[in-house]
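Data first, discussion second: the structure below is written as structure tokens.
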Number of protein chains: 2
Amino acid sequence: MARLVAFNEEQAVQKAMEVFWRKGYTATSMRDLTDAMQINSSSLYNTIGDKQELFKRCLHRYTNERMEEMEVRYKSPKSPLKALELYINDAVHIITTDPNSCLCLKATFEIEGDVPEIQAVINSYDHYRHRLLTHLLKSAQDLGEIPDDEKPEVIADYLGSIFVGWYNSLVLHKDKSKIVRMADLVKRQLKR
Amino acid sequence: MARLVAFNEEQAVQKAMEVFWRKGYTATSMRDLTDAMQINSSSLYNTIGDKQELFKRCLHRYTNERMEEMEVRYKSPKSPLKALELYINDAVHIITTDPNSCLCLKATFEIEGDVPEIQAVINSYDHYRHRLLTHLLKSAQDLGEIPDDEKPEVIADYLGSIFVGWYNSLVLHKDKSKIVRMADLVKRQLKR
DNA sequence: AAAATTTTGAAACAAGTGTTTTAAAAAGAA
DNA sequence: TTCTTTTTAAAACACTTGTTTCAAAATTTT
């Protein structure tokens, strides 16, 4: 054995993620990244790899963090409807208080399928969320908490789409009340 | 007087727009642009200006084109509800057949308010669409074609948000049927 | 303590970035 | 035709890009 890596990789990736999240993939330079991570580029290439590999790691970190939160917060609730309403309220809160719009969303529109490996990370996150929502919706239907005349899978897709639009709305209008009103509308729609 | 400009500015901006639309603002280089526009960079800087000015021109072209189409297609219909349903069907068609997702959307998530002049162009487009939808919704309510228990302004915001999500969904899943099913759901929701 | 192995910092790399310069070509006005 | 004004092409501009090189520093094993 010999010399050990001096920097904390987790912390460094976290710092890189924050820069990518703020500036986007292309507009972030390697200098921006090494400055924020406080490591030399040789160390970066030695441990993690190139810019794209680092971005993938950042995306993984971003999505894993969020999936773990979801796992504890919405799994096996007494009332699935209450969990769904909580989910919607959380979405409003995250969208209106996070410093930037969703990292995955920005990456999706920036990359648009040009880098399959990056798309795959985002897809698996999207799929997790879709499964979670579908499960809650189906349970709520089975319990008679919401009508069962629409397919849970379609409502899940539709909810996912709405949240994407809320991010866009906030960037354009910086008006939280718009999001809140839409959320109220969605919660009403869910039950009828 | 002296020598005239040799290239067609409209055509050149159209070509530039196509490149920006495909690659995004940052990832598009001036070389990419002058190659596509088939003009020298000195001519470009002489007539239009720098990269940002050119991008603004492209955005204007993109949004004006779409607003003019809307103006003729959805204005003063016999049935506002039919116009709304047409609007939704058109959205499905555009989203699933255009070569890239919306230029404004990509720019919004890429720029995120960092360039107010660019935001302003997108905002005015968004505002035009919002006014159009609100007007149709209000008319439909007044005629009793749809229930009037939700505010037209909020439904308009909500519809706008959904369309944004559809763009995202298509990039991620490349599955038109998902969009079609959501559109059917939305059309049903409108009427109840 | 010496040897072996790896990380690190600083500099260098070539290629690409947005933009400007310069002189020649073009064309209306005199 | 000549003068005047403007556009154009090609090259150059200084700077930034992502990535690599290389010797010096660091640390574990012998």
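A quick note: this is a predicted structure, and the numbers were derived from the prediction, not measured. The chains referred to below are lettered A, B, ... by the order of the sequence lines, with proteins before strands, and numbering in each begins at 1. Quick note: numbers below take in every heavy atom, side chains included, and nothing from hydrogens, waters or symmetry partners.
Comparing the axis of the opening five pairs of the helix from C:dA1-D:dT30 to C:dG28-D:dC3 with that of the closing five pairs yields an angle of 0°, rounded to 10°.
For an aromatic pair to be called close, the ring centres must be under 6.0 Å apart, and A:F163 with A:Y158 fails this.
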Could you list all N or O pairs between the protein and nucleotides 10-13 of chain D that sit under 3.5 Å apart?
from   : atom 1 : to    : atom 2 : distance (Å)
D:dA10 : N7     : B:N40 : ND2    : 3.2

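Rounding to whole angstrom units, OH of residue B:Y25 and C1' of C:dG18 are separated by 9 Å. Between the CG atom of A:L44 and the P atom of D:dT19 there is a distance of 9 Å, given to the nearest Å. To the nearest angstrom, P of C:dA26 lies 17 Å from CG of B:N46. If you measure from atom OH of B:Y45 to atom P of C:dT17, you get 12 Å, rounded to the nearest angstrom. Here D:dT17 presents its C1' atom at 17 Å from CE of B:M30, a figure rounded to the nearest Å. The distance between atom CE of B:M37 and atom P of D:dT8, rounded to the nearest whole Å, is 12 Å. Whole-Å rounding puts the B:L54 CG to C:dT17 P distance at 15 Å. In this structure, CD of B:Q38 is placed 14 Å from P of D:dT8, rounded to the nearest angstrom.
Looking at B:D98, its side chain never comes within 3.5 Å of a backbone N or O of B:N100 through a donor-acceptor pair. Between the side chain of A:K51 and the main chain of A:T28, a donor-acceptor pair closer than 3.5 Å is present. Put simply, the side chain of A:Q141 never gets that close to the backbone of A:I146: no donor and acceptor are under 3.5 Å apart.
Within the structure, every side-chain polar atom (N or O) of B:S43 is placed at least 4.0 Å from both OP1 and OP2 of D:dT7.
In this structure, the nucleotide among D:dT8, D:dG18, C:dT8 sitting nearest to the side chain of B:V5 is D:dT8. The side chain of A:K51 lies closest to D:dG18, out of C:dG18, D:dG18, D:dT7.
Enclosure of atom NZ in B:K82 is not indicated, since only 12 or fewer non-hydrogen atoms of other residues, nucleotides or ligands lie within 6.0 angstrom.
At a threshold of 4.5 Å between non-hydrogen side-chain atoms, the residues B:I111 and B:D114 count as touching.
Between A:Y74 and A:Y87, the ring-plane angle classifies as tilted under the 30° and 60° cut-offs. Between A:W21 and A:Y62, the ring-plane angle classifies as perpendicular under the 30° and 60° cut-offs.
One finds no salt bridge joining B:R73 and B:E69 here, because no Lys/Arg side-chain nitrogen approaches an Asp/Glu carboxylate oxygen to under 4.0 Å.
At the heavy-atom level, A:T26 lies nowhere under 4.0 Å from the strands shown.
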